[in-house]
Number of protein chains: 2
Amino acid sequence: MRMDARKQDILLAIITDYIATAEPVGSRTIARKYRLGISPATIRNEMADLEDMGYIEQPHTSAGRIPSELGYRYYVDYLMKRQELTPEEEGLIRESYHQKVRDVGEVIQRTGQLLSQLTQYAAMVMPPKIGTSRFKYIRLVQLGSEQAMLVAIMDSGIVHHRIMEIPRGITAEDLETISTVLNAKLQGRTMDSIKLTLVKEIYLELIKHRKIIEMVMELLQDSLTRLPEERIYLGGILNILNQPEFRNVEKVKTLLSLLEQESLLCNLLADDVGREGVTVRIGREIRCRQMSNCSMVVATYRLKGKPVGTIGVLGPTRMDYARVVTVVEHLTKNLSRALENLLGGWDK
Amino acid sequence: MRMDARKQDILLAIITDYIATAEPVGSRTIARKYRLGISPATIRNEMADLEDMGYIEQPHTSAGRIPSELGYRYYVDYLMKRQELTPEEEGLIRESYHQKVRDVGEVIQRTGQLLSQLTQYAAMVMPPKIGTSRFKYIRLVQLGSEQAMLVAIMDSGIVHHRIMEIPRGITAEDLETISTVLNAKLQGRTMDSIKLTLVKEIYLELIKHRKIIEMVMELLQDSLTRLPEERIYLGGILNILNQPEFRNVEKVKTLLSLLEQESLLCNLLADDVGREGVTVRIGREIRCRQMSNCSMVVATYRLKGKPVGTIGVLGPTRMDYARVVTVVEHLTKNLSRALENLLGGWDK
DNA sequence: GTTAGCACTCGATCGCATTGAGTGCTAAAC
DNA sequence: GTTTAGCACTCAATGCGATCGAGTGCTAAC
């Protein structure tokens, strides 16, 4: 069976209506609201075809039709019309990014807030992945006789700090010396590129502080790989409770318990790092069983052309894809630009 | 009407049962489960008295009784029995605090997790209030030709960092000079104690960098007063969804929307800073209308004897107060001790 | 190929009777 | 005077059947 123009019209009408009302759509409704110039009976025949083809389904015999995952997929790929933002919304975005920012985290947070506010779904923003970011400045600061603070500033604008034990007898001057050497050796390098040879070099220069260097490297490794990836900005969960599909608390509970596992979210978002444009994952296309009634819209943002992180929206499969895709697209661009402004000019 | 021993027994039975089952308690239930040696009829008479006195109420005529806020108050003040933690729970706490920590935030986070895990309600932890914390180390690090990162380490273990614009023409050496002077002047001082005189002193030494100093002070001010207070650790919200009082989504929504306003939470927690021991706020004693069916249990933790923050648990008024109070008490002590270990030895 | 007509399906809603937990009152027992 | 058994009464919750109506699929006419 071919998908002729009329079938497309009907499918579009069903999906549009269902997205708006969350109620199964019947043939009468379509005939009345979407003036396609055909009678309910004809629509019914077409709907039976569409159901055979797998694009729509029937919750029960005496109800209207709702889109299937396949239906949404077809909609997103072929039927969905671009939807521009209103001038007010554009203004809101511009204003939000125009404020002075002082920190990468702040940009991330604002993006997340806009994302959830504009879409009315849950927003997720993965901060710039810093595996490839470079050391800008490193320093050990003495705190007490047995403790020091390790501070590392990366060119991604992220600051790492960790408290560490230091052996007795280390003086502030020792730390100064170590800091200087660390800076000289590590500045401009990425964590990944710090190979054994380099560590050896540092060892040689600081042979008497072997212990402390080992600790520093360990902390850096740890701080740079484990922690930051888990800190995903998550906002607008409240919005999701407004969706009728989450009227019963059990659903809410399962979703919330998933969202609490940041590592899971992280994987979901990381899947699409680097992909061009906006990706839509519908229902089971999200590789997560308990989210099978949800969809995700994600996109990668970039710094100097290189993908560094992703932003995404999570909502029910009955999501206003046209709108969400537009918003995600806009915000990805804005976020990339904002990061560029904030961090772009650092390596003079 | 006096509150004799028998009335107390009955009130205790009602509250204990209601806390356990969330169902209104009838006279038969009490006679059966709590062997007080009196018949349901007698209990009914006493219950009528207790209702007159305002300690219990009836949802509707043909239902059992539930405790009123006054009833819970009486329970918490006079009837509640201390409840010790099991050895397993003690072990869990010990283990959790025994792990190496590298950061104040980590301690806070662990405390919050324990709090929600052990009580099965929502946990809130306010990080150490740093208005009174002292500068340990300050530094401006050049990032690009027009930007620098301001890093300030406080003796509370908190690290502030902000990106700032710098005027063109400032060299790395200039920043070095400024950093040195800032360190010399600010080390060991609190933000509050930095009066005009001190700022003037700094001005004099760095007369040619007036602009930059102004910006630094502004950023410090901003960073130290606004941001950190709002970053309250909040966890275990999921637990609250397990409570039968939150079976309908509307309730969940109003509560979640309140919990999203960190400044509100902050005020609620801040109310009790410095108070001795554990404070229990029942229903409308929390000064927040929408939380009138909730209770809070909060306590202040200390560093070197000085109150620096509070931890708290939020749950329905039908909360297991005995247990929660014990847990909060324990964790407050543990948190104080952990901070002491981490930060106590810093000002040699 | 399209559409009007019609029988049919089935969830949702409403009304009504039933149930049962719990009460308050009264009168008898202790 | 206090306690308790007995009893009538209340009222939310539960269950059940009737009804409703949105929507379908099929058939026959256009």
Side-chain angles (χ1 to χ4, degrees), chain A residues 1-11 13-15 17-18 20-68 71 244-245 247-248, chain B residues 1-11 13-15 17-18 20-68 71 244-245 247-248:
Chain A
M1 212 169 330
R2 279 288 299 131
M3 181 71 127
D4 57 23
R6 196 170 65 183
K7 281 196 178 54
Q8 288 195 354
D9 287 346
I10 292 174
L11 181 56
I14 292 174
I15 296 186
D17 206 74
Y18 187 64
T21 65
E23 298 288 331
V25 190
S27 53
R28 273 179 67 87
T29 315
I30 295 179
R32 223 183 320 113
K33 287 200 343 206
Y34 297 86
R35 329 217 120 272
L36 303 177
I38 44 180
S39 77
T42 312
I43 295 176
R44 277 204 289 283
N45 287 330
E46 296 286 34
M47 278 164 98
D49 289 352
L50 283 170
E51 187 166 357
D52 285 344
M53 294 160 78
Y55 292 114
I56 56 181
E57 38 198 47
Q58 226 174 346
H60 55 263
T61 330
S62 69
R65 303 306 211 292
I66 61 174
S68 66
E245 23 274 276
R247 226 176 305 151
N248 87 67
Chain B
M1 211 169 330
R2 282 285 300 128
M3 182 70 127
D4 57 23
R6 197 171 64 184
K7 282 196 176 54
Q8 288 194 355
D9 288 346
I10 292 174
L11 182 55
I14 292 173
I15 296 186
D17 206 74
Y18 187 64
T21 66
E23 297 289 331
V25 190
S27 52
R28 272 178 68 84
T29 315
I30 295 180
R32 223 182 322 113
K33 286 201 342 206
Y34 297 86
R35 328 217 120 274
L36 303 177
I38 45 180
S39 77
T42 313
I43 294 175
R44 278 204 288 283
N45 289 330
E46 295 285 36
M47 279 165 98
D49 290 350
L50 284 169
E51 186 166 0
D52 284 344
M53 295 159 80
Y55 293 114
I56 55 180
E57 37 197 47
Q58 226 174 346
H60 57 262
T61 330
S62 69
R65 305 305 212 292
I66 62 174
S68 68
E245 22 275 277
R247 225 175 307 151
N248 86 67

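Worth knowing before you read on, the calculation uses all heavy atoms, side chains too, and leaves out hydrogens, waters and symmetry mates. By convention in this document, chain letters (A, B, ...) are assigned in the order of the sequence lines, proteins followed by strands, and residues within each chain are numbered from 1.
Other residues, nucleotides and ligands contribute only 12 or fewer heavy atoms inside 6.0 Å of the CZ atom of B/Arg35.
Between the P atom of C/dC8 and the NE2 atom of A/His60 lies a distance of 19 Å, rounded to the nearest Å. Nucleotide D/dT2 holds its C1' atom 12 Å from the NZ atom of B/Lys7, rounded to whole Å. The CD-C1' distance, from A/Glu23 to C/dG11, rounds to 12 Å in whole Å.
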*Kindly indicate, with the supporting measurements, whether the criterion side-chain contact (heavy atoms from CB on, under 4.5 Å) is fulfilled by A/Gln58 and A/Ile66.*
CA-CA 6 Å; A/Gln58 226 174 346; A/Ile66 61 174; over 6 Å; no

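Contact of the A/Ile14 side chain with the A/Met47 side chain is registered, since non-hydrogen atoms from C-beta on lie closer than 4.5 Å. Considering only heavy atoms from C-beta on, A/Val25 stays 4.5 Å or farther from A/Arg65 through its side chain.
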*Footprint string (nucleotides 21-30 of chain C, 5' to 3'): B base within contact, S backbone only, - free, heavy atoms under 4.0 Å*: BSBB------

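With 3.5 Å as the limit, one finds a donor-acceptor pair spanning the side chains of B/Asp17 and B/Tyr34.
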